[in-house]
Amino acid sequence: HETKIPGHYVEPAFSPDGKHLAWRAVRGGWITSKQYGHDNGIFINNRLVTRDGQKPQFGAENDRIYVLRGAGDDGLALVGLDFNGGNERTLFQDEKATDIVLAPDEKRVAFQENFHAYMAPLPRTGTTVTLDASSDAVPVTRVSTDSGNWLQWSGDSKKLYWSLGATLYESGGKEYDLGFTQTQDAPSGRTALTGARIVTMRGDEVIENGTVLTNGNRIEAVGASVPIPPGTKVYDVKGDTIIPGLVDVHWHGSQGSDGLIPQRNWVNYASLGFGVTTLHDPSNDTAEIFTASEMQKAGLILAPRIFSTGTILYGAAGTVKAEINSLEDARRHLRRMQAVGAFSVKSYNQPRRDQRQQVIEAARGLNMMVVPEGGSLFQHNMTMVVDGHTGVEHAIPVPNVYKDVVTLWSASGSGYTPTLVVGYGGIGGENYWYAKTNVWEDRRLLGFVPREIVDARSRRRTMAPDEEYNHLRIASASKKLNDAGVSVQLGAHGQREGLGAHWELWMFVQGGMTPLQALRAGTLSGARYLGLDRDIGSLEPGKLADLAVIRGNPLEDIRVSSNIRYVMLNGRLYDADRLDELAPRARPRPPFYFEDVSTPPR
């Protein structure tokens with residue numbers, strides 16, 4: 001079978017006799033091209049069957065297709081249609097399900113609910129069968145221990161398969177290790193950046209007219225007098241300032257679209273172009289972001305180092321709700337996230353304090369971080385601090401903090417990521433920079449982000465008196481906590497890709513931090529918060545070669561921090577304006593989908 005036109009095609013499925021191929025055509029846009037994305041729906045052999053549905057699948061017949069559609073507020077229904085889209089009938093529905101798979105012989109059905117995999121017989125009554133995990137109308141069997149993803153029946157309908165991380169499970173108890181090793185990307189050769197002001201983050205150390213020498217993907221030497229071995233690629237950056245790569249611990253952004261990971265994701269390029277070399281996303285699609293993370297490590301895509309909680313541990317109603325009513329429930333949810341690559345989880349809207357405490361206790365046993373969602377509730381925030389969360393994400397919604405809060409927080413060990421761009425309690429910082437600067441004229445931003453996205457947010461800006469911007473108060477409280485020993489770190493929330501990280505730095509200084517304190521919040525503090533400071537966060541021999549070269553002196557004027565000349569990630573040096581690789585190999589960046597490829601790159 002061959003499609004007639006290009007498109008964005010996912011979820012292919014063959015009929016039992018192998019003569020028919022079904023697939024779902026999805027829209028492009030945002031991080032993937034809109035081209036060939038207008039004709040969406042379920043297709044069989046290039047013919048549209050229905051606009052409404054996903055995950056096409058066949059049963060025992062060769063002339064009928066089944067698709068998943070919404071049922072109730074959040075669940076799914078398995079709907080059968082003929083190849084013309086007619087003779088529609090709902091076979092099965094579960095108002096809590098996140099996946100439904102029909103056995104090839106149509107005698108059983110498998111479904112996923114609360115992250116578990118279940119199977120049940122499917123009586124052919126001529127009416128819709130409504131089941132869920134707690135139904136007793138027919139026997140429902142839970143087959144997974146911690147989680148059951150990517151359900152799939154064997155061709156003879158006798159066995160059900162599901163996976164968790166690198167392990168494939170078979171009903172009946174068999175397990176298969178699908179894991180494999182992959183060489184992590186690392187360059188060879190040496191690169192030297194000479195003549196720079198170096199803000200090492202080793203205490204308050206600033207080296208004037210210094211050199212950073214890298215070898216492979218590690219820093220070999222840093223100092224005012226560094227011998228440069230023969231064969232080293234040397235870049236004179238006299239007058240510039242070198243800082244460690246920025247660490248954005250509360251970053252959001254799409255890593256995939258309908259499970260497709262783009263080869264060139266402009267969201268990642270924009271972040272890297274502004275010097276963000278490590279990101280931690282506390283809420284993203286589990287499959288997409290951990291796939292992107294591993295692809296980045298292998299050098300298959302260019303992006304900052306990617307870490308994430310994956311899908312949140314959601315306490316409110318919905319298909320992604322993580323039900324936690326015991327310590328073992330919490331352990332199960334953390335184990336399933338750890339299995340796919342997470343070292344952190346996000347405890348989000350768990351309604352009872354004992355539930356939140358169970359997540360924390362489970363995390364201690366599994367050596368994982370727990371970051372919560374602040375929710376703009378001061379008393380809620382304070383219980384998060386007392387209970388020992390890794391940190392509080394988002395601002396505490398009060399205009400001032402006093403000695404009681406400062407004393408409590410500084411003794412707790414919990415960090416603080418205020419995300420000033422979305423400051424609670426008033427107008428957030430993002431709006432301030434739209435009001436005060438012409439964001440739509442930022443050349444670096446427009447070199448990576450489609451103009452239609454930048455223009456839509458920045459041109460028709462809202463103006464307000466300075467005292468209306470609540471980020472100023474939040475930043476002042478952050479300074480107070482930082483001075484008392486609370487770890488305050490940068491989190492730009494994905495607002496205005498890459499540039500938002502610098503807005504955070506500038507707003508920290510507006511709140512009273514020195515430029516050096518702000519830069520530390522954006523580098524070493526974030527690395528320590530994530531437990532990654534052995535490898536990143538400062539410029540020291542033996543650490544990973546992640547850094548940014550800034551034109552000018554941000555220690556005197558923090559507003560020059562975004563004027564980045566070069567960025568180095570994992571020992572590879574890039575021109576920050578375009579992200580052409582300069583050393584150790586020369587490799588121009590291919591065009592994005594929204595660029596005119598007929599025009600040579602500037």
Side-chain angles (χ1 to χ4, degrees), residues 201 203-204 244 246-251 278 280 282 344 346-347 356-357 360 363-364 368-425 428-429 470-493 501 504-533 536-538 558:
M201 293 301 157
D204 294 339
L246 294 175
V247 180
D248 189 335
V249 307
H250 193 120
W251 183 100
T278 297
H280 176 259
S344 60
K346 185 168 187 176
S347 180
R356 301 193 293 273
Q357 291 170 335
I360 294 170
R364 287 178 180 140
M368 297 182 76
M369 294 171 52
V370 181
V371 294
E373 181 79 7
S376 194
L377 297 168
F378 174 70
Q379 290 83 0
H380 192 190
N381 292 143
M382 292 302 100
T383 67
M384 292 172 177
V385 171
V386 170
D387 289 344
H389 286 84
T390 306
V392 172
E393 306 290 302
H394 293 305
I396 52 172
V398 290
N400 298 294
V401 295
Y402 298 100
K403 186 176 180 180
D404 56 347
V405 171
V406 174
T407 303
L408 172 68
W409 207 323
S410 62
S412 71
S414 292
Y416 185 33
T417 312
T419 61
L420 301 167
V421 287
V422 289
Y424 292 152
N470 200 51
H471 77 271
L472 299 168
R473 300 177 188 87
I474 299 168
S476 178
S478 301
K479 166 67 161 58
K480 211 179 272 190
L481 291 165
N482 188 69
D483 288 348
V486 175
S487 175
V488 175
Q489 51 279 328
L490 182 154
H493 201 254
E504 290 289 309
L505 296 177
W506 304 349
M507 289 184 287
F508 279 139
V509 173
Q510 284 183 322
M513 284 190 188
T514 67
L516 182 57
Q517 286 176 321
L519 290 170
R520 183 175 289 109
T523 54
L524 184 57
S525 294
R528 284 177 174 163
Y529 183 69
L530 297 176
L532 302 174
D533 52 305
I536 63 172
S538 62
I558 194 63

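Residue numbers start at 1 and run along the sequence shown. When reading the values below, keep in mind they use all heavy atoms of this one structure, side chains included, and skip hydrogens, waters and symmetry mates.
- In this structure, CZ in R528 is found 4.0 Å from CG in L524, a value given to the nearest 0.5 Å.
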Exercise. Let me see the working for I558 and L519 under side-chain contact (heavy atoms from CB on, under 4.5 Å), right down to the final yes or no.
Key: CA-CA 9 Å; I558 194 63; L519 290 170; 4.1 Å; yes
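- Residues V247 and L532 form no side-chain contact, since every pair of their non-hydrogen atoms from C-beta on lies 4.5 Å or further apart.
- In this structure the side chain of V249 never reaches within 4.5 angstrom of the side chain of S525, judged on heavy atoms.
- When the salt bridge (charged side-chain N to carboxylate O under 4.0 Å, His left out) test is applied to K479, the partners found at least two apart in sequence or on another chain are D483.
- Considering all non-hydrogen atoms of both residues, G512 and Q517 come closest at O-OE1, 4.4 Å.
- Between the CE atom in M507 and the OG atom in S476 there is a gap of 14.0 Å [rounded to 0.5 Å].
- Across T514, D204, N482, a single residue satisfies side-chain contact (heavy atoms from CB on, under 4.5 Å) together with R520, and that is D204.
- Considering only heavy atoms from C-beta on, F378 comes within 4.5 Å of V405 through its side chain.
- Heavy atoms only, all atoms of each residue included: L246 and A501 are closest at CD1-CB, 4.4 Å.
- The nearest pair of heavy atoms linking D248 to A492 is OD1-N, 3.1 Å.
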Donor-acceptor pairs under 3.5 angstrom involving side-chain atoms of residues 416-425: please list them, not counting sequence neighbours.
unit_1	atom_1	unit_2	atom_2	d
Y416	OH	I396	N	3.2
T417	OG1	E393	OE2	3.2
T417	OG1	Q489	NE2	2.8
T419	OG1	H394	ND1	2.7

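- Looking only at atom types and distance, the side chain of H389 has no donor-acceptor partner in the side chain of S347 under 3.5 Å away.
- When all heavy atoms of P244 and G537 are compared, the pair lying nearest together is CG-O, 3.5 Å.
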Practice problem: Go through the steps to decide whether H493 and E504 satisfy the test side-chain hydrogen bond (donor to acceptor under 3.5 Å, both in side chains), and finish with yes or no. | Solution: CA-CA 10 Å; H493 201 254; E504 290 289 309; over 6 Å; no
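- For the residue pair G522 and L490, the shortest heavy atom distance occurs at CA-CB, 3.8 Å.
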Quiz item: When you look at H250 and V371, which way does the side-chain contact (heavy atoms from CB on, under 4.5 Å) test go after all the steps?
Solution: CA-CA 10 Å; H250 193 120; V371 294; over 6 Å; no
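- R356 is listed as a side-chain neighbour of H380, based on a closest heavy-atom distance under 4.5 Å.
- At least one side-chain heavy atom of L516 sits less than 4.5 Å from a side-chain heavy atom of M201.
- Annotation: side-chain hydrogen bond (donor to acceptor under 3.5 Å, both in side chains) contacts involving residues 397-412, sequence neighbours excluded, are absent.
- Across all non-hydrogen atoms, the minimal contact from L408 to M382 is CD2-SD, 4.3 Å.
- Considering CG of L530 and OG1 of T278, their distance stands at 8.0 Å, rounded to 0.5 Å.
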